[in-house]
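In what follows, a structure is listed as structure tokens, so that the remarks can point back to it.
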Amino acid sequence: MKNSSLLQAQNLTKQFGSGRTSVRAVDDVSLDIGKGEVVVIMGPSGSGKTTLLSMIGGLMRPTSGSIFIDDADISAMSEARLPGIRARYIGFIFQAFNLLDALTVEENILLPAQLAPGGVKGARGRVEDLLVRLDLAARRGAYPGTLSGGEKQRVAIARALINQAPLVLADEPTGNLDSQKGSDVTMILHDVARDQGCAVVVVTHDARIEEVADRVLWLADGRLRDRKSEIHSWARDPVCGMRVDEWTAVHFAEHGGRRLAFCSPRCLQRFEANPEAYGSVDAPAGGALQS
Ligand SMILES: Nc1ncnc2c1ncn2[C@@H]1O[C@H](COP(=O)(O)OP(=O)(O)OP(=O)(O)O)[C@@H](O)[C@H]1O
Ligand SMILES: [Mg+2]
């Protein structure tokens with residue numbers, strides 16, 4: 001379901017620092033996201049994905065350019081107004097979770113509801129539903145320090161969905177989840193777009209999320225590219241043999257003068273423990289393996 005426009009970003013640029021050490025993390029990016037649309041942003045590490053998402057979510061001001069959500073220009077808004085706008089319009093799933101250690105799972109999930117129109121009271125029913133859907137019911141009273149990485153990630157997802165905000169921004173939401181939970185989260189994000197008409201923007205290198213996306217945007221060196229093929233190549237994980245998208249892979253090792261890409265930390269660890277066992281890999285790391 002794709003309806004009218006919810007978010008328009010125009011000529012967004014973010015520069016960190018100044019002079020010779022400055023970094024242009026996002027460079028003149030314009031995009032338009034419709035209600036009910038799932039948009040995936042892919043790109044190598046350091047290409048500006050988190051920076052772009054943070055600006056769209058009103059967490060970071062652009063150096064130049066503007067961001068309109070439902071026709072309100074959040075890039076020109078005062079700091080005082082932004083938290084209210086974020087609570088009403090945006091659910092943000094952070095790459096680093098950003099949970100509050102002094103609050104329980106349930107309290108973390110309910111936190112954004114304090115600023116939303118129905119308040120915490122209005123969100124009680126929804127928190128029950130999210131605890132069940134994200135398999136967190138048994139952990140509702142636990143503190144983040146006692147949770148696994150995957151559990152923390154699911155709490156971060158529930159917190160982003162609690163206000164039923166029209167725009168959900170997710171930074172690597174399945175990066176810490178096993179295969180089954182990763183699929184569950186993919187379906188949840190797909191469902192909030194289809195059933196609630198939310199716009200969902202996901203930074204990921206997860207092919208399952210790419211499959212449910214209406215659109216994929218490719219970011220390299222802070223700029224949007226038309227096609228992945230302009231800058232992308234396949235590699236093969238020397239441990240498990242899986243085909244890896246070298247362009248978006250995050251686990252690498254140097255061996256014998258070659259750069260090898262791995263599907264997961266697990267395969268990388270196995271390789272590093274005994275590199276010689278995988279020495280006869282015949283496929284080149286950055287080779288021309290086709291899909
Ligand atoms: N606060 C900051 N100060 C200075 N440079 C920064 C800052 N935040 C990001 N950068 C730089 O901007 C560039 C883009 O960073 P960003 O975090 O957006 O990349 P990313 O695509 O999300 O990477 P990853 O896939 O590793 O999460 C990088 O070169 C990074 O070093
Ligand atoms: Mg990032």
Side-chain angles (χ1 to χ4, degrees), residues 1-9 31-42 49-50 52-59 67-72 74 82-95 97-98 108-120 122-134 136 153-175 177 181-204 206 208-217:
M1 175 175 53
K2 184 181 170 185
N3 294 320
S4 51
S5 173
L6 175 71
L7 175 125
Q8 292 135 334
L31 50 94
D32 195 328
I33 311 254
K35 291 174 184 163
E37 198 179 19
V38 179
V39 175
V40 157
I41 299 176
M42 291 185 145
K49 305 181 297 292
T50 296
L52 177 59
L53 215 59
S54 303
M55 292 193 285
I56 292 173
L59 295 163
I67 303 146
F68 293 88
I69 296 182
D70 246 2
D71 295 327
I74 64 163
L82 278 175
I85 291 287
R86 282 199 296 265
R88 184 160 161 217
Y89 282 101
I90 299 161
F92 205 112
I93 303 165
F94 295 90
Q95 193 169 17
F97 316 135
N98 293 10
N108 265 287
I109 296 172
L110 280 167
L111 200 60
Q114 290 181 2
L115 285 172
V120 170
R124 285 271 170 222
R126 294 199 299 276
V127 82
E128 297 304 326
D129 178 50
L130 287 167
L131 284 167
V132 171
R133 285 176 79 187
L134 288 155
L136 289 166
Q153 186 143 46
R154 273 145 42 221
V155 176
I157 292 164
R159 182 185 55 186
L161 300 180
I162 191 71
N163 284 347
Q164 297 184 309
L167 177 60
V168 173
L169 304 176
D171 202 348
E172 294 283 4
T174 58
L177 303 181
K181 296 242 166 17
S183 296
D184 293 348
V185 165
T186 301
M187 287 324 294
I188 289 171
L189 293 176
H190 186 236
D191 288 353
V192 297
R194 193 190 51 200
D195 302 339
Q196 296 168 26
C198 291
V200 180
V201 182
V202 195
V203 166
T204 188
D206 188 328
R208 288 166 305 195
I209 302 185
E210 189 183 350
E211 269 170 29
V212 302
D214 296 301
R215 256 192 306 156
V216 180
L217 304 176

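Residue numbers run from 1 in the order of the sequence given.
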Within the 4.5 Å heavy-atom criterion, are [X] and [Y] side-chain neighbours or not?
X    : Y    : result
V155 : L136 : yes
I85  : I69  : no
I33  : L6   : no

Rounded to the nearest 0.5 Å, what's the gap from [atom1] on [X] to [atom2] on [Y]? Could you check?
X    : Y    : atom1 : atom2 : result
K49  : L217 : NZ    : CG    : 13.0 Å
L53  : F94  : CG    : CZ    : 9.5 Å
I56  : I90  : CD1   : CD1   : 9.5 Å
S5   : E37  : OG    : CD    : 9.0 Å
Y89  : D70  : OH    : CG    : 4.5 Å
E210 : T186 : CD    : OG1   : 11.5 Å

Taking all non-hydrogen atoms of both residues into account, name the closest pair between [X] and [Y] and its distance.
X    : Y    : answer
L110 : R124 : CD1-NH1, 3.3 Å
D32  : R215 : O-NH2, 2.7 Å
G57  : I74  : C-CD1, 4.5 Å

Go through it in stages, so that I can follow the logic: the residues are L7 and L31, the test is side chain to side chain contact (heavy atoms under 4.5 Å, CB included), and I'd like the CA-CA distance, side-chain angles, deciding distance and then a yes or no. CA-CA 8 Å; L7 175 125; L31 50 94; 3.7 Å; yes

Any chance CZ of R88 has more than 12 other-residue heavy atoms, nucleotides or ligands included, within less than 6.0 Å? no

Test side chain to side chain contact (heavy atoms under 4.5 Å, CB included) on V212 and R208 and set out the steps. CA-CA 7 Å; V212 302; R208 288 166 305 195; over 6 Å; no

For a side chain to side chain contact (heavy atoms under 4.5 Å, CB included) check, start with the C-alpha distance between V203 and D171, then their side-chain angles and the critical distance, and finish with the verdict. CA-CA 5 Å; V203 166; D171 202 348; 3.4 Å; yes

What residues form a side chain to side chain contact (heavy atoms under 4.5 Å, CB included) with L177, not counting sequence neighbours?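 Partners of L177 by the side chain to side chain contact (heavy atoms under 4.5 Å, CB included) criterion, ordered by chain and then number, come out as Q153, R154, T174, K181, V185.
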
Looking at I93, I209, V192, which hits side-chain contact (heavy atoms from CB on, under 4.5 Å) with V200? V192

Measure from the side-chain N and O atoms of D214 to the backbone N and O of V39, and report whether any donor-acceptor pair falls under 3.5 Å. no

Only pairs under 3.5 Å count here: list side-chain donor-acceptor contacts from residues 156-169, not counting sequence neighbours, and write none if there are none.
residue	atom	partner	partner atom	Å
R159	NH1	N98	O	2.8
R159	NH2	F97	O	2.6
N163	ND2	A87	O	3.1
N163	ND2	P112	O	3.0

Derivation and outcome, side chain to side chain contact (heavy atoms under 4.5 Å, CB included), residues R86 and L115: CA-CA 9 Å; R86 282 199 296 265; L115 285 172; over 6 Å; no

Check salt bridge (Lys or Arg N to Asp or Glu O under 4.0 Å) between R133 and all other residues, then give those that pass, not counting sequence neighbours. D129, D191

